[in-house]
Number of protein chains: 2
Amino acid sequence: MASDQTRTAILAAAERLYADRGFGDVTLRDIVAEANVNLAAVNYHFGSKDELIAELFVTRSIQLNRERLRLLQAAEEAGDGRASIDAILRALVGPTLRGCLGPENQRSTAARFMIRVSIESVPPIRRIRNREIDHLRKFITAMRRSLPGHSDVELYWGLHFALAMAQQTVRDSERLTKLSEGKCDVDDVEGIIERVVSVAAMALTTGDAASKTPARMLARDAR
Amino acid sequence: MASDQTRTAILAAAERLYADRGFGDVTLRDIVAEANVNLAAVNYHFGSKDELIAELFVTRSIQLNRERLRLLQAAEEAGDGRASIDAILRALVGPTLRGCLGPENQRSTAARFMIRVSIESVPPIRRIRNREIDHLRKFITAMRRSLPGHSDVELYWGLHFALAMAQQTVRDSERLTKLSEGKCDVDDVEGIIERVVSVAAMALTTGDAASKTPARMLARDAR
DNA sequence: TTGCATTTCAAACATTTGTATGAAACTATC
DNA sequence: GATAGTTTCATACAAATGTTTGAAATGCAA
């Protein structure tokens with residue numbers, strides 16, 4: 001009822017500003033100026049600045065998780081209840097990478113906002129992050145079905161590393177570009193997804209789960 | 001000359017507080033209280049709060065880089081100028097992981113500070129981070145010698161992924177522990193190092209550099 | 001229209017924060 | 001032991017920030 005206009009204007013302005021300038025640099029006054037609303041409107045509609053940030057993040061997280069689960073479900077259905085490990089990992093890291101990488105001028109505000117989130121975490125967001133675990137467990141379950149012989153520990157590490165590579169690529173794409181002098185094309189999103197999936201899947205499927213790590217630890221010279 | 005006492009007391013107190021409570025929550029007044037010095041001492045000795053943070057980070061970064069290069073050099077000497085890829089990667093990620101993981105009560109303040117840095121990056125630190133690239137290039141050079149047949153692009157990605165896995169493990173060790181209900185032992189530092197090195201080395205050495213990615217991209221079904 | 005609830009607005013509030021100041025205390029040199 | 005340079009200290013400053021307030025405006029139902 002009434003006009004959500006102000007509410008949505010604030011949300012849009014805040015996301016835009018946070019995406020562009022980071023959390024540390026954006027004040028309520030910046031936001032209300034961008035949204036053309038009164039300063040008190042934020043507190044009236046959201047209660048506090050932190051709750052505004054939290055709502056932004058929750059909205060985008062839900063979208064991300066929904067997309068991940070959609071891909072996961074599709075992969076499991078395509079494989080009669082047992083998806084390939086590649087497909088599972090692709091469902092896990094694909095949405096993040098697709099959302100946050102690609103040609104800069106084509107990135108949505110939402111994507112740029114999520115990049116910010118991954119770079120400079122801020123208290124209200126950190127609090128919410130912890131709820132992510134239940135979501136990840138669904139992927140562990142699928143992985144268990146996909147790789148029945150593997151120990152859970154290996155699955156956890158595999159998922160962790162897959163997310164690590166995806167996250168860090170989003171977070172530090174600039175450094176990678178500089179380091180490689182542009183030779184690593186961070187705009188080739190699908191290529192990056194395949195790269196991450198490939199490495200993570202290799203980590204999960206090479207060698208058998210129990211013997212891999214100890215064997216290496218004994219075999220290699222300490223330095 | 002004169003007493004560096006105040007200076008060092010401030011540095012120590014600041015590092016301790018930042019390590020424990022993060023950058024966002026620690027004010028100059030907290031620091032000077034912890035250090036038992038006057039409020040004005042920080043500006044007198046360091047110029048500004050940002051310069052204090054920068055000095056802390058630079059000091060620890062130099063230590064980290066020195067340690068990395070020491071290990072790299074030792075590995076290259078041991079291999080007559082050509083270190084194994086494992087040894088190179090171990091020199092790259094070992095110091096970070098050794099410094100930042102392990103039983104919590106045994107972690108040094110320096111280590112806990114560096115964990116903070118990796119979690120909540122703050123402007124003065126971000127500015128310095130960009131100088132890290134020259135340091136990483138030394139590892140690329142060593143990798144080039146170690147894996148002569150590989151394209152530079154593959155080396156960059158391998159290094160990037162190795163750092164990604166190490167960094168994210170430091171940053172999100174808590175989540176991994178929760179997700180795995182303790183089954184992934186994040187206190188087993190040497191085991192983690194071998195795990196990261198193993199996966200990164202595998203990514204670098206499996207398949208030949210040029211054909212790997214395209215082959216996968218064509219072979220796999222989109223979902 | 002009248003009356004009631006919702007929403008907007010300008011202004012003020014209350015803190016918190018990093019930084020600056022100028023005098024006092026201290027140190028070392030001659 | 002006087003003097004010059006360094007360091008410490010209490011205090012003040014100035015600016016920024018999230019939040020609150022109470023009145024005005026607006027929307028809506030009877």
Side-chain angles (χ1 to χ4, degrees), chain A residues 1-58 113 116-117 120-128, chain B residues 1-58 113 116-117 120-128:
Chain A
M1 50 260 12
S3 72
D4 279 336
Q5 265 190 21
T6 306
R7 239 188 99 86
T8 56
I10 290 173
L11 284 170
E15 184 165 46
R16 219 175 314 141
L17 287 175
Y18 285 139
D20 286 343
R21 293 161 35 191
F23 295 104
D25 280 351
V26 177
T27 71
L28 278 189
R29 283 168 176 81
D30 294 330
I31 294 171
V32 299
E34 177 86 359
N36 280 312
V37 301
N38 186 271
L39 174 60
V42 171
N43 287 279
Y44 179 78
H45 286 281
F46 298 91
S48 70
K49 187 194 189 190
D50 277 9
E51 288 173 87
L52 166 62
I53 295 179
E55 176 158 338
L56 274 172
F57 179 61
V58 166
F113 173 78
R116 277 291 169 193
V117 167
E120 38 168 327
S121 178
V122 83
I125 286 177
R126 266 197 294 276
R127 280 193 287 274
I128 294 166
Chain B
M1 40 230 84
S3 73
D4 280 336
Q5 265 190 21
T6 305
R7 240 188 99 86
T8 56
I10 290 173
L11 284 171
E15 185 166 45
R16 219 175 315 142
L17 287 175
Y18 285 140
D20 286 343
R21 294 161 34 190
F23 294 104
D25 280 351
V26 176
T27 71
L28 278 190
R29 284 167 176 80
D30 293 329
I31 294 172
V32 300
E34 176 88 356
N36 278 312
V37 301
N38 186 271
L39 173 60
V42 171
N43 285 280
Y44 179 78
H45 286 280
F46 297 91
S48 71
K49 189 195 188 188
D50 277 9
E51 289 173 85
L52 166 61
I53 294 179
E55 177 159 337
L56 273 172
F57 179 60
V58 167
F113 173 78
R116 276 292 170 194
V117 168
E120 39 167 327
S121 180
V122 82
I125 286 178
R126 266 197 293 275
R127 279 193 288 273
I128 294 167

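A quick note: this is a predicted structure, and the numbers were derived from the prediction, not measured.
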Per-nucleotide protein contact string for nucleotides 14-21 of chain C, where B marks a base within reach and S marks sugar-phosphate only (heavy atoms under 4.0 Å, - for neither): ---BBBBB
Spatial distance of atom CG (A:L11) from atom OG1 (A:T6) [nearest 0.5 Å]: 11.0 Å
Phosphate OP1/OP2 of D:dT7 contacted by B:T6 side-chain N/O (<4.0 Å): no
Under-4.0 Å side-chain N/O to phosphate OP1/OP2 contact, B:H45 with D:dT8: yes
Test item: A:Y18 and A:I31 side chains (from C-beta on) under 4.5 Å apart, heavy atoms: yes
Student check: side-chain heavy atoms of A:Y44 and A:N38 closer than 4.5 Å: no
Starting from [atom2] on [N], measure out to [atom1] on [X] and report it in whole angstrom.
X: B:I10; N: D:dT7; atom1: CD1; atom2: C1'; result: 11 Å
X: A:Y44; N: C:dA5; atom1: OH; atom2: P; result: 13 Å
X: A:F23; N: D:dG18; atom1: CZ; atom2: P; result: 13 Å
X: A:I31; N: D:dT17; atom1: CD1; atom2: P; result: 11 Å

Set of side-chain contact (heavy atoms from CB on, under 4.5 Å) partners for A:E120, sequence neighbours left out: A:F23, A:R116, B:R126
From CA spacing to verdict: side chain to side chain contact (heavy atoms under 4.5 Å, CB included), A:V37, A:H45: CA-CA 11 Å; A:V37 301; A:H45 286 281; over 6 Å; no
Check against side chain to side chain contact (heavy atoms under 4.5 Å, CB included), A:L56 and A:V117: CA-CA 10 Å; A:L56 274 172; A:V117 167; over 6 Å; no
